[in-house]
Chemist: 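I have a structure here, written as structure tokens, and I will follow up with some questions on it.
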Amino acid sequence: MRLQVVATALLALGGCSRTTEGPSPAVERVVNPRTRVSTLTQLCNAQGGQTGWSLEVEGKRFTPVPGEALTDTPTVELPQVTLRGPSTYTLSRSQVFYVRPELLLLNVPTRDTTPPVELQPGTYSVEVANPLGGTGTLPDALTVVPPPALTRVVPPADGYSATGANPIVLEGRDFQPGTSPIIFLRREGVADQPLFFVTVVSTTRIESEIPPGTPEGIYDLVLTQPEGCAAVAVGGVDVAYPHLGTLTLTPRSGSELSNTPIRIFNAPTGAQRGFTDVPELFVLAPLKTEPTLSQRIPLRAVTRVSATEVTAEFPSCSGFEEPGGDPKCPQGLAPGGPYALEVIDPSGAVGLVPASEGFTVVAEPTVTLTSEEGARPVPLSGALLP
Amino acid sequence: MNALILVALTALAASGSKPAASTEGVGGGRILLAPKVGFFKSTAPLGGDLYLGLELGYVTPLLKRRLAVVMEVNYHRPQASGVLTDSQLGGFGAPPPDGSYTLAVREVAFLLSAVFRFERALGSLTPYVGGGPGLYLHRATSDLFGATASESGGGLGLQALAGLELPLGPGGLFLETHYHLAPLDFVTTGDVNVGGFLAGGLGYRLRL
């Protein structure tokens, strides 16, 4: 009788305890898709849009199971992912995506997502628990970093130059030495201007250069860390070059069928500069081949006569090509205008002949003479401005 | 499996402790031994399955020896299948994997019933009804995305039965039906009653 009681009690205890069996996952690598080739996986604890930053968890035996399959609302029970480090966060079901037994995708929230979750900066392990299996953990899988902050953009000591690189210094905090952030200048209506030669000197200093030829204006400077977080110095860069004097040119028009020799006069006053050497000259005009696209076409045979005068050949016929080609000038400038001219002095000073004072390319008119022999086109020169 | 062995030992011990009872009873001995087979259909969305059982009973002297106490061990393993779709499968532009799954729920139950027998109430036929508690041991095995996982556990339930026995040889041929209330709350199954009806069971009951 005593044996029966003991046996029955053991049976009841053994029968009622719940046990699970299933593949035990292994976590092998955590990847930030923005820095896929990097051996160090970083994650920013801010920004990230509505859902946060994406992460990929690579491993083995990630095993979802059917959930509540015998009810009216069957689901998929997914592996549970937990980040353990200076703070601990278990991702919700909606933040975990199953792709295959070797890959999970995560949306890791930040302090700027809804709802906000701020992971403390530091090193985290990533733990994956199968619904009916074991748990796999990868220590030191991830480094959570704060977003960068920009406090100041220091311009070149000698001011900006239109002809050379312009070294600038970014001051702020939480920069990441050893990484290659992306920096660009942004201004409405203008394509973003990337900066090259970026060096992260320390967590508070980045050195870079604004490339020559960057148009004058006030720009926002956008710094984007490799893991995705960005900082913006609104209006932080004011590109302003020294200026030449008032520029005028003569003649102000020429035929579309020939290049036109022109003279440009410079009348500097005050801090304005004269020509120091042979400047670069450009006309902003469309070509016949692309009449809707205004392009920056260099003038030819530029010669410095004096600090106040240069001569050049306006490329009405040749466009970007060498002169002496097809006499009908199919590669030349589209007739029209007047077109503006840009002037860049080797000293870094710039000047502009505005379109209102610019150069007009005159079309060669054709008229039809009627005779007893029938119609015959006769080319006539257009009226040229002085 | 250990639980099964334990129960078998328990049953043997119980039967072995009353050897004198086999010589008494209505129309024969007081010990009942009956294998049975039938078709079980759960009220949960599980398919039907073969039901195997073994009954060991004792006809008590109570109620003019019409009351029997019966212990039954039975087994069946129905399964369900389907296709799961979920926005969390695939994602980030990745195509979702094939969500076809199967879920098999193996049940081993130990049923203790009080059975009232209406001896030869219908000519030579003996109808009987009964019911009592049961210990239901479940193991749910799922197969999804090529991986198999399972969870096991058990709990108490209730069951009722009715049958009709025709005397034949040293015992009786019987037809029987059951209803089981066997609650189950696994991750894979949800909170459901995986019990249901034994749509029809056929067996032969020996009187020893």
Side-chain angles (χ1 to χ4, degrees), chain A residues 1-25 33 51 54-56 60-79 92-101 103-107 130-134, chain B residues 2-4 6-7 9-10 13-14 17 42 44-46 80-82 84-92 94-97 99 101-103 105 108 110 135-156 184-194:
Chain A
M1 185 63 184
R2 187 171 297 169
L3 173 64
Q4 292 175 41
V5 172
V6 171
T8 305
L10 287 173
L11 172 65
L13 287 173
C16 293
S17 64
R18 181 171 173 270
T19 59
T20 60
E21 294 173 37
S24 190
T51 55
S54 301
L55 280 183
E56 299 173 1
K60 293 176 183 171
R61 300 182 294 277
F62 300 141
T63 309
V65 297
E68 303 187 346
L70 301 184
T71 69
D72 295 334
T73 54
T75 62
V76 178
E77 288 294 325
L78 295 169
S92 67
R93 184 181 187 280
S94 64
Q95 293 164 333
V96 179
F97 296 82
Y98 172 86
V99 178
R100 54 180 182 270
L103 180 62
L104 297 176
L105 303 180
L106 312 179
N107 273 337
N130 281 340
L132 298 183
Chain B
N2 290 339
L4 277 174
L6 211 53
V7 167
L9 288 173
T10 307
S17 64
S42 170
L46 287 162
S81 61
L84 294 170
T85 57
D86 195 301
S87 59
Q88 302 307 114
L89 299 179
F92 294 17
Y101 74 93
T102 59
L103 175 66
V105 181
V108 176
F110 302 92
L135 175 64
Y136 294 86
L137 305 180
H138 292 113
R139 180 179 178 85
T141 302
S142 62
D143 195 336
L144 177 66
F145 305 135
T148 301
S150 62
E151 50 189 329
S152 306
L156 296 175
L184 178 63
D185 189 6
F186 282 171
V187 170
T188 50
T189 63
D191 189 1
V192 293
N193 169 27
V194 291

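On a predicted model such as this, the values are computed, not experimentally measured, just so you know. Proteins come first, then strands; the chains are lettered A, B, ... in the order of their sequence lines, and each starts at number 1.
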Chemist: What are the two closest heavy atoms between A/Val65 and B/Leu144, and how far apart are they?
Modeler: C-CD2, 3.7 Å

Chemist: Can you find a pair of side-chain heavy atoms, one from B/Asp86 and one from A/Arg93, that are under 4.5 Å apart?
Modeler: yes

Chemist: Please name the pair of heavy atoms, one in B/Leu84 and one in A/Pro74, separated by the smallest distance, quoted to 0.1 Å.
Modeler: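 Here B/Leu84 and A/Pro74 meet closest at CD2-CB, 3.9 Å.
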
Chemist: With a 4.5 angstrom heavy-atom cut-off, is it the side chain or the backbone of B/Thr85 that approaches chain A, or both, or neither?
Modeler: neither

Chemist: Taking every non-hydrogen pair under 4.5 Å, which of A/Pro66, A/Pro33, A/Ala69 racks up the most with chain B?
Modeler: A/Pro66

Chemist: Is there side-chain contact between A/Arg18 and B/Phe186, with heavy atoms separated by less than 4.5 Å?
Modeler: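 Side chain of A/Arg18 against side chain of B/Phe186, heavy atoms only: contact under 4.5 Å found.
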
Chemist: Does any heavy atom of chain A fall under 4.5 Å from the side chain of B/Thr148, the backbone, both, or neither of them?
Modeler: backbone

Chemist: If you look at every heavy atom in B/Gly90 and A/Phe97, which pair is closest and at what distance?
Modeler: O-CB, 3.4 Å

Chemist: Measure the shortest side-chain to side-chain distance between A/Thr71 and B/Asp191 over non-hydrogen atoms and say whether it is less than 4.5 angstrom.
Modeler: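 A side-chain contact under 4.5 Å is absent here.
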
Chemist: Most heavy-atom pairs under 4.5 angstrom with chain A, which of B/Ser150, B/Ser142, B/Gly190, B/Ala147?
Modeler: B/Ser150

Chemist: For residues B/Phe145 and A/Phe62, determine if any side-chain heavy atom of one lies less than 4.5 Å from a side-chain heavy atom of the other.
Modeler: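 Answer no - side chains too far apart.
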
Chemist: Taking every non-hydrogen pair under 4.5 Å, which of A/Ser94, A/Pro131, A/Pro101 racks up the most with chain B?
Modeler: A/Ser94

Chemist: Which atoms of B/Val192 are under 4.5 Å from chain A, going by heavy atoms: the side chain, the backbone, both sets, or neither?
Modeler: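 Only the side chain of B/Val192 comes within 4.5 Å of chain A.
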
Chemist: Check whether A/Arg61 gets within reach of chain B through its side chain, its backbone, both or neither, counting any heavy atom under 4.5 Å.
Modeler: neither

Chemist: Pick from A/Gly133, A/Gly22, A/Pro64: which one has the most heavy-atom pairs with chain B under 4.5 Å?
Modeler: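 Of the options given, most contacts go to A/Pro64.
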
Chemist: Between A/Thr20, A/Thr19, A/Leu78, A/Val96, who has the most heavy-atom pairs with chain B when the cutoff is under 4.5 Å?
Modeler: A/Thr19

Chemist: Heavy-atom distances under 4.5 Å only: say whether A/Val99 touches chain B with side chain, backbone, both or neither.
Modeler: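 It is both, since atoms from each part get that close.
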
Chemist: Measure distances from B/Leu89 to the heavy atoms of chain A and classify the residue's part below 4.5 Å as side chain, backbone, both or neither.
Modeler: both

Chemist: Side chain from CB out, backbone as N, CA, C, O: work out which of these in A/Glu21 comes under 4.5 Å of a heavy atom of chain B, or both, or neither.
Modeler: both

